[in-house]
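Note that the structure is a prediction, hence the values are computed from the model and not measured. Chain letters run A, B, ... following the sequence lines, proteins first and then strands; every chain starts at 1.
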Amino acid sequence: MGVFAQSGSSAAPLGRPPPTRTPSNEHDTLKYHLLGPSLTKAGQDSVDQQKVSEIIYNASKGSKFFNNEEVKDKSLTEKIHKILARKAELENLDLSTERRRADDYVAELELSRDLSQVVVHIDCDAFYAAVEELDRPELRDVPMAVGKGVLTTCNYHARKFGCRSGMAGFVAMKLCPQLICVPMNFTKYQAKAEEIRVVLAEYDPRFESASCDEAYLNLTRYCDEHHMTADEAVSQLRQEVRERTKLTVSAGIAANATLAKICSNINKPNGQFRLASDRPTVMDFMKALPTRKVNGIGRVFERELDAIGIKTCGDIYAHRAYLSRLFGQKAFQFLMQCYLGLGRTSIQPAEDYERKSVGTESTFREMGSPDALREKLRSVAEELEGDLKRTEFKGRTLCIKIKLHTYEVYTRQMTPPFAIQRADDLYKHSLPMLEKLMREIPNMKLRLMGLRVTHIVSTKKPGIDFFGQQRATGANKPATIKKKTTDGGEWEVWPEAEFEEAARQERNDEMNELEKLSQEQEKQPDQPDNSMAAAPNDGDKWTCPICTLPQASDDKTVNAHLDFCLSRQTIKEAVKSTTPSDHGTPKPQSTSTKSMPPKGKGKRGRPKTETPDSDQKTPG
DNA sequence: GCGGATCAC
DNA sequence: TATGGTGATCCGC
C-alpha cells in the first residue's frame, strides 16, 4: 500500500518522466530502503515503522554508507523513470500479439500445475538467538541479538523495538539501548542444526537443507503411509523437534516450495499454516499477496513493480503484455508463475546441487597504502587456499572484488593458464588486477577485498566416493511416488545421472591431465617461483608480477603491459576446445520424462527465472 | 565472457 | 563512533 510517495504522486504525464521530485519524496524511498532487506520477514507487526525508519535515517545520515545508499537510490529512481517512460511508449502500441503470447504461456503453465504433492517448509524461529538462549536462559526475557557490528539475528523482544537481522549494531542500539549483543558461535549452531536434521530425516530422508536453519520436505509419502493429514504430520514433527532440541520451528504446508516458504512465515514464530491445494484457493491467495513476500522479489524489484502499478501478485496479470519488454523474458516468466502460484514440487538433498564457485572476502578498516593492500591480498589468497583445499576444488577463473571506502564495488576477473588452488598462484594472478585497479582509481582506499574462483574443477580422487553416496529414493518424484512400498535397502539410480557422472569424470580426468601438463610447462620457462614479485618499483622501473619482466613505470606502459599479460592465453584455448562449455554436468534436473514442463534452470539472484529453484548450501 | 546489480540467508 | 560473508543468477554490452 502506497509505500512509495513516488508511485502515489505519479500522475506522470505520458511519455515523460515526472518532473523534478521533491526532496521529501526522495527521502521517502531512501528511508524505506534503509529499513533493510528483511523488512517483510520479521514478526514485527505492531512496530511503528515510521518511527523506526526515522531513527535509522537519523543515525545513518551523513555517513559514507548513507551517501552511497543515497546514490544508489537516486540511480534506481532514474531507472524507474525510464521504465515508466518505456511503459507509456508501449501502451501506445498494439500489444495484442504480446498479450496472446502471454496467455499462451499461462495456458502452458497451467497444464504443468501439480497439486498432488505435500511440500513443507521448515523455518527455525530466530535460530541463532534461540540457540544462545538455551545456553543462557537469562537472555530469554530481554532484547538480545547475535552478532557484532551487524546483527545476524535477534530475538522477538528485540524485534519489538524494530531491530532486525542485517542491521548495523550501533543503529540497533539506538532503537533499543538495552539490547544485549552476543558474539556468533557458528559451530554451536551447526551442531544444533544437525540435531534438527536428524528429526527431519525421519519424515523425509531426501529433505532439502536450504540453509542452516531452513529446510524443505516432501511429506506426501509420509502422510500416505501413516494415514495422517499434513497438518497432523507437521504438528507432530514440530513437537518432536521441540522435545528433542528444545527449539521451536515454524512450518508452511502447500503444493510447492514457493508457496510453502511463504506460508511458513504466516504463523511465525512457533506456528504452522497450510494452504489448501486447490486452484481457486491458490489463486485467491496470490491475488492479495504483496509481491515482496515472494522469494526472489527484493527491495529493488518491489519498487520497480510498484511503479508500474503492481503491488500484489494478482496485479501481475493485468500487465502481462509488456512485462517481458520492461524486465526481460526471465522476469516475465517468473512473474507469471508468481501470479499463478506455481513453484518447484521436487525436493532434493542439497548435495545434489552442484557448487559453482568458492570465494572469500573480508572487511577491514579503511586502507590505502599499496603495501598494506598487497599484504591484505596475500592473506585473502591464503584464506581462499584453505577453503579450496577444504572443499577440494581448483578454479579456472579468478575474480577479485574490492569495495572502496565510499562503498562502491568493483570486480575484475582473469583466467590463469591452468586451474589454481595454491595461495601463491591465487596471489600471483590477482595482484596484477589489483595493481591495475590502483592505477585506474587514484588514491584508492579500500574497506573490503575478496577473491573468488569460478569454473571450478573438483580435485577429489577419481574413483573414490564418486557414486559412493547414492541415496535412498524419496517420494518426491511424482512419477515414482506411489509405486514404492517400502524400499528398505533399495537404491535407485537414474540411468541418465549415472551416465552424466561418468562423462563428467572423464572430462575431469582430461582436465587434470591437461593441467598437469601445463603446470609442468609453466614451471620450466618461468623462474623458480618468484611469486613475491610485484616488488614495488625502484626508480622508474616497474616489475610485472605475471611475467616478472621490468617495464617502464608510466601508467600507459604499465596498463598496456598488464592488459597484454592478463589476456595472455596459453593452455586456456586448448582446454576450452576439449571440454564442453561447462565442465560440470548439470545434475539430473529431475524433469525426466514429462513432455516438456516449462522449466528453465535458473536459480537465485534476481528471480527472473521461472520456478525459482532453491539454493544449494553447504550442508552439515 | 566480463562487469555491475540484485537476492537470499 | 564507523553498516557482513558466501554463493547464485541475470542483464547489457
Side-chain angles (χ1 to χ4, degrees), chain A residues 34 36-38 40-41 56 59-60 62-69 72 75-76 79 123-124 127-128 147-153 165-174 184 186 209-214 261 292 294-304 327-331 333-334 350 353-366 380 383-384 387 391 397 399-401 403 405 407-415 433 437 447-456 566-567 569 572 576 581 600-609 612-618:
Chain A
L34 287 170
S38 62
T40 62
K41 310 293 181 189
I56 297 178
S60 305
S63 69
K64 288 175 177 174
F65 174 81
F66 178 93
N67 291 339
N68 186 251
E69 292 298 304
K72 287 199 298 191
S75 100
L76 175 58
K79 184 177 166 198
D123 200 328
C124 299
F127 183 55
Y128 295 174
K148 301 252 188 234
V150 170
L151 312 190
T152 63
T153 191
S165 68
M167 180 176 279
F170 76 94
V171 173
M173 293 303 285
K174 279 230 159 61
M184 289 257 283
F186 202 68
S209 285
S211 69
C212 196
D213 68 334
E214 279 184 39
K261 165 87 176 150
R292 182 66 181 279
V294 179
N295 214 340
I297 299 180
R299 283 179 292 185
V300 172
F301 202 18
E302 178 192 34
R303 251 190 83 185
E304 292 172 358
F327 302 114
Q329 181 69 11
K330 286 280 174 27
Q333 295 182 343
F334 172 75
Y353 293 98
E354 202 175 2
R355 180 195 271 268
K356 296 193 171 57
S357 71
V358 182
T360 180
E361 64 186 54
S362 72
T363 296
F364 39 81
R365 281 216 325 273
E366 205 169 297
V380 174
E383 181 72 29
L384 182 54
D387 293 345
T391 55
T397 301
C399 318
I400 186 174
K401 167 176 167 179
K403 193 188 282 178
H405 65 117
Y407 287 86
E408 289 169 281
V409 173
Y410 293 89
T411 64
R412 293 291 183 269
Q413 59 176 328
M414 61 87 59
T415 306
M433 295 192 280
L437 283 162
R447 75 181 328 273
L448 172 146
M449 198 183 289
L451 285 177
R452 171 170 303 274
V453 294
T454 61
H455 297 114
I456 55 179
L566 284 172
S567 65
Q569 297 181 341
K572 185 179 159 198
K576 245 200 279 191
S581 60
K601 53 151 232 173
K603 291 246 177 181
R604 187 144 293 107
R606 246 209 173 178
K608 300 290 173 186
T609 97
D613 284 336
S614 188
D615 12 26
Q616 56 97 282
K617 289 266 157 80
T618 62

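Remark: A/Tyr407 pairs with A/Phe65 by the ring-ring contact (aromatic ring centres under 6.0 Å, His included) rule, at least two apart or across chains. Listed by chain and residue number, A/Tyr57 satisfy the ring-ring contact (aromatic ring centres under 6.0 Å, His included) test with A/Phe66 (two or more places apart in sequence, or in another chain).
Atom CZ in A/Phe364 sits about 13 Å away from atom C1' in C/dG4, given to the nearest Å. Going from atom CZ of A/Arg447 over to atom C1' of C/dT1 covers 13 Å, rounded to whole Å. Taking atom OH on A/Tyr128 and atom C1' on C/dG5, their separation rounds to 11 Å, with Å as the unit. For the pair A/Ile456 CD1 and C/dA8 P, the interatomic distance rounds to 7 Å; values are reported in whole Å. Between A/Glu408 atom CD and C/dT3 atom C1' the separation is 16 Å, expressed in whole Å. For the pair A/Leu451 CG and C/dG7 P, the computed distance is 13 Å after rounding to whole Å. Atom CE in A/Met184 sits about 11 Å away from atom P in C/dT6, given to the nearest Å.
One cannot find a donor-acceptor pair under 3.5 Å joining the base of C/dT6 and the side-chain atoms of A/Ser357.
At a threshold of 4.0 angstrom between heavy atoms, the contacts of A/Tyr407 are confined to the sugar-phosphate backbone, with no base atom among them.
Using atom C1' as the reference point in both B/dC7 and C/dG4, the two lie 15 Å apart (nearest Å).
Between B/dG4 and A/Thr411, a contact under 4.0 Å exists linking OP1 or OP2 to a side-chain N or O. Contact between the side-chain N/O atoms of A/Asn295 and the OP1/OP2 oxygens of B/dC9 is found at a separation under 4.0 Å. One finds no side-chain N or O of A/Arg355 lying less than 4.0 angstrom from the OP1 or OP2 phosphate oxygen of C/dT6. For C/dT9, one of the phosphate oxygens OP1 or OP2 lies less than 4.0 angstrom from a side-chain nitrogen or oxygen of A/Lys356.
Of the listed nucleotides (C/dG4, C/dT3, C/dT9), C/dT3 has the atom at the smallest distance from the side chain of A/Ser60.
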